[in-house]
Amino acid sequence: MVETVLETSGLTMRFGGVTASDNVNFKLKARELRCLIGPNGAGKSTFFKCVTGLLTPTEGHVYMRGQEVTGWQPHQIASLGVGIKTQTPNVMDALSVHENIWLAARRFYNVVEARERADSIIDRLALGAIARTQLGQLAHGERQRVELGIVAVADPWLVLLDEPAAGMSAQDVDRMTEIIHELTRFAAVVIVEHDMQFIRSIAQTVTVFHQGAVLMEDHVERVMSDPQVRAVYLGKKA
Amino acid sequence: MGRSASQDVMITLVVSAMLIWLLPLMISTYTLTVLVIYGMLGLSLGLIWGFGGILCFGQAAFFGLGAYTYAIAAINIGESTLPMILAVLVPAVFAALLGAMMFYGRLTDVYLGVITLVVTLILFKFVNSTAGPQYVIGNARLGGFNGIPGFQTLNVPGDPGAYIWGDPYFYVCAIALVIVFLLVTWLLRSSFGRIAVGIRENEVRMGLMGYDVAARKTVLFAIGAAIAGLAGALFANWGEIVTPNLFSLGQSAEIIIWCIVGGLGTRFGPIVGAAGLAYLKFMLGQQSMIDNTLVMGLILVLFVLFLPRGLVPAVASLLNSIFGRTKRKPRPRRMRRARHG
Amino acid sequence: MSLNRRELLGGAAALSTAAMLPSASMAADTIQLGSILDTSGIFDAYGKPMDQAMRLAVKEINDAGGLLGKQVEVAAYDTQSDMALYSQYAQQLTRQDKVDVVHGGILSASREAIRQTMRKTKTLYFYNVQYEGGVCDRNIFVTGVTPAQQVEVLVPYAMKKSGPKVHILAADYNYGQITARWIQKFVEDNGGEVVATDFFPLDVADFGSTITKIQQTAPDLVFAPLVGGAHLSFFRQWSAAGMKDKVPLASTTMGVGNEHKVLTPEEGNGIMVAYNYSQELETPANIAFKAKWQAEYGDTTAIHELAVSTYQGIMLWAAGVRKAGSVERDAVVDALETGISIEGPAGKVTIDPQTHHATVDVHIMEFEGQGMTVIETLPQRAPIDTQAVCDLQANPGDNTQYEIEI
Amino acid sequence: MDLSFVILVEVLYGVASLVLISAGLAVVFGMMKVINLAHGEFMMMGGYATITAVGLGVNVFVAMLVIAPLVVGLIGLIVERLVIRHLYGRLVDTMLATWGLSLVFIGLATMIFGNTTTGISTPIPGFAVGGYQVNGYNFFIIIVTIVLVIAMFAVLRGTRAGLIARGTMQRSDMAAALGYSPDRIYMMTFFCGSALSGLAGAVLAPLVGLVPTSGGAYIAKAFITVIAGGPSLIAGLVSSATSFGLVSQFFTFAISPVIGEVALLIAAVVLLRTMPQGITGRFFKGKL
């Protein structure tokens, strides 16, 4: 019996008259890698924000490792040991790479250990050459990588990534894929993404969102060949 | 981060000892005392704004609260030690409550500005309308517009008859400023300070890392208020009267101008800005050709336009480029001032 | 250092540099008079004419050969309507400039900010402003009128002209609170009744609701010791509502800073006041004073009560110095305590030895065409309010501002 | 009965004056996301422009309704060109720079006009309602405000300039993409906002006296009203002015003017705490 690390039941989010997330039931096992896909406005990001505490759902529940976390603040969820990366690069621009990652490690470890962990993750992500550079001066791909380091440095058991590959070069994407695979050795990973290429390269199970609800959930190859999914992606009503 | 902590402390001690020795030879200690007090007040806002990203339009509220707390406590208690402690604690507790209300409500930048401004106005209006005999705390009449004169001023702890005033009072204030400065240095070097800077840079990210941003901002806000309260109490002792003007928006405006002119994101900048501009104001009072307000306004506008980082960082980078120790590229860093509140 | 300052401040540098130097070297051949007034900032409407009056008085003394054969030299500081600067400049005057006397202070808060410094440094201090009364300190002399001096004569006059029901609107600070109590006392002493008393902080400028409230209490007379520019709006809004011809107004403050010249005749005419001075006084002393002012400044419209008080304060001090034959504080205080008096533009001014306040002529006046027409003059009114609480002859060590209980 | 009418007029006047003193600030903030802390001084200059013009023999209504807005609008234009345009997108910096400007204007006005309170008398006489006298000028202010709100609505709804303005409010880059220079739009907006401030200052000048520091009395209230109103320009302005006007007038009549002001401030704190995006951030969404 593998532990369920993330579960939502009847998760619903309405903005005024718009239902952005509609009765989503979702389950994720430990060390599972799951991609959330769907066209723009399908409700992936709303779902993501409800799970990470950036939004409080209108209805429904969120559980992590069996504990109800509905309505928790992001910092409370993160404190459980959840690593979160938002859609746009969300980093401290005026601080150096090392400082950024150190701050993330310091939340869970003492000063000395935090430094050691930051150093080691910088090595693993091949950021050594720019460790003392301010984030504001780095290219987009490098910033994404630093943010991944921020997420990974504290050894999370659940990692939530919103479009980690957006705007990256092919080479960067390859490295990203590698890192994500490495993460799944210890953690469950949820990736919100609409780059099909990237999803094919890393995913096994994907969950397809459409109009706020889960359309289907299956292995990536079967999803890709599903006529309904194709129709949704092409904008036709299924 | 270039220097080690002990170097930093040594430099601070040597420089301040030099200044405490040299300055009284040029400016009368009575005037110097108030410059030192304003320096401390500038530092209090410089800490929360420059390092915490909290732009408070009402730092004068804590200054005034400290001064009034001291005056009221001194009238009721007599001996000055406990009133001094209260003058630090009361503004800190008040700020903690106010900060918790604002930060847990996720109020940021402009909204934060409005709330702090409004709270200052409320305090000002309240204190200003307490002239009637019904407004009494213990033996202290609040006095309304005219303020509270005639309270016990600072004495040697334990000996209410031994007043500290004149030159010794200057040394007390100067040493207090050095101690506060060192405490601020230590705070900023600690994890708490580095996390505060992280919050200034990106609140959402720090929250996603698991930091309770609201709690940390509240604590920092309260620390800033405690320093402002101490400055207020020292000011009350210096002026021997407290008036509602301490709470005024004009006073708040001046503190902000000091920080901008001196330089945000530095510890030294707000102190230099405060002392420099207060001295300029004092000098301008001795002439009548040009209106003082006009000069202050022009200084602020010109700094925002042409030197938004302030004097100290500008001078520092100038010195760096002349006596450049390292070959690092000059970094076109512009602090994102208070973007996140 | 001083070069930079000179570049920065131009002509003013000479003054400030002089102020930096030890003044002992000059003290020998001149007498130093310190002045500390708000000649800029929000109170400069009071302070500027006071400054002019001070300079005029000193010039007159010097033109007549000075005091004790020495010229009087002025060290003047502008406190910019900032209370903190009062403390600073008071220290400057007493510890560095080491002046022989200080004249100045406008608001009561400013006086209290510097009074103790003057006392500690044994510098004789003159406060030349109308105020709430009650200061009891041997080191200070007060030449302005106090509430009882005005209210005692104004209340019966105003009630006789209107009726017994009085509504009081007072500025919400020390002065207003105390004056309101004196008004209440004298209204009741004269068989009237105070129907309501409202207090307004100095920044209140909207009196719409208040005017409605007054109409509910339906008084025969409104007594309005309101202070400052914002409160001036009351008189304007009162007239705009058409109340002016229905209920008469009286005030103890309106016009002290020449506020009546800002109101139109329609808004101001008929308001009853009582002061020590009016520009319209037809006495030879006032005519001569206005001529001197005209010669010095070209325009007499700025003269007001506080300016004349300042002028009279300096003349009283000068008389004291002459009588004492010295500028030494205790000698001058003793000389003034003999009940010395001078003939000023507003009439005879006598020092009351018991309180160090002034016994002055009080004139009942009404506004007319932006001037103050004198209706009746009541000569030599003593400061009875302060006398009730303060006796410096009996307790020369006293150092309090009494809140006068009625 | 008479009393309730009189009180009604006072309450309406309270609301109208809040709308009036906030309109200029609201336009500039709504369109440009610039907080003009010199707004109060713009009002003060509107007052001085009126008094100076009246002193030169101009009809008082012409001075208030035409000359003052024009003069202050032009001053605003100069300020925008010299200072504000260098600071777009830097909210806090513009606040600080305009704060500095407000001090500069206070200083200049002091040097030119002196610190003595000046003013003009109200050009409209009071009249009697039953046993009560009412300030006729209050009606004038109420009417000017109503006309102003209708005019703002009409311009935004019905004209090409209004369309561009609405577009800019939604997305400043959109207007640029449509070929309108944001630079010019901002310039015009600042002109209009300043002119509105000037108008407000001019219209209020006869009621309350004028000193160079008069602006300080308005800026806090205007600032609070605009921020509490939230993103929608007209709906926000009217809704927050109404809420604050009602609260402050209620306490003014029940207790005293000071308590009325304090009640307004406390209401602002409560409102912003419960609705951090302002009233129209929650209600009346998408309205003008």
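To find a chain, count down the sequence lines: A is the first, B the second, and so on, and within it residues start at 1. Note that the coordinates shown come from a computational prediction; the quantities given were computed from them, not determined experimentally.
- Looking only at side-chain heavy atoms (C-beta outward), B:W238 and C:Q91 stay at 4.5 Å or farther from each other.
- Going from atom CD1 of B:I241 over to atom CD of C:E112 covers 6.0 Å, rounded to the nearest 0.5 Å.
- Put simply, CD on C:Q88 and OG1 on B:T33 are 9.5 Å apart, with the number rounded to the nearest 0.5 Å.
- Minimum interatomic distance between B:S129 and C:P201 (heavy atoms only, all atoms of both residues): CB-CG, 4.0 Å.
- A distance of 7.5 Å separates CG of B:N146 from CZ of C:R111, quoted to the nearest 0.5 Å.
- Salt bridge annotation for C:K120-B:E240: present, with a cationic side-chain nitrogen under 4.0 angstrom from a carboxylate oxygen.
- For a residue to count as touching a neighbouring chain, one of its non-hydrogen atoms must lie under 4.5 Å from one of that chain's; by this rule C:D203 touches chain B with the side chain only.
- Per-residue counts of heavy-atom pairs under 4.5 Å with chain B were compared for C:G176, C:A113, C:S110; the largest is that of C:A113.
- Among all heavy-atom pairs drawn from C:A109 and B:F145, the shortest one is CB-O, 4.4 Å.
- Interatomic distance, CH2 of B:W165 versus OG1 of C:T117, reported as 9.0 Å (0.5 Å rounding).
- For a residue to count as touching a neighbouring chain, one of its non-hydrogen atoms must lie under 4.5 Å from one of that chain's; by this rule C:Q177 touches chain B with the side chain only.
- Classification of the B:F282-C:Y89 ring pair by plane angle, with boundaries at 30° and 60°, yields parallel.
- Contact annotation for B:K125: only side-chain heavy atoms (C-beta onward) come within less than 4.5 Å of a heavy atom of chain C.
- Per-residue counts of heavy-atom pairs under 4.5 Å with chain B were compared for C:S108, C:A171, C:A180; the largest is that of C:S108.
- Only the side chain of B:Y38 comes within contact range of chain C, judged by heavy atoms closer than 4.5 Å.
- Of the two parts of C:E403, only the side chain, counted from C-beta on, holds a non-hydrogen atom closer than 4.5 Å to a non-hydrogen atom of chain B.
- A pairwise comparison of heavy atoms in C:Q96 and B:S28 identifies NE2-CB, 3.1 Å as the closest pair.
- Contact annotation for C:Q116: only side-chain heavy atoms (C-beta onward) come within less than 4.5 Å of a heavy atom of chain B.
- Between C:R115 and B:P149, the closest side-chain pair of non-hydrogen atoms is not below 4.5 Å.
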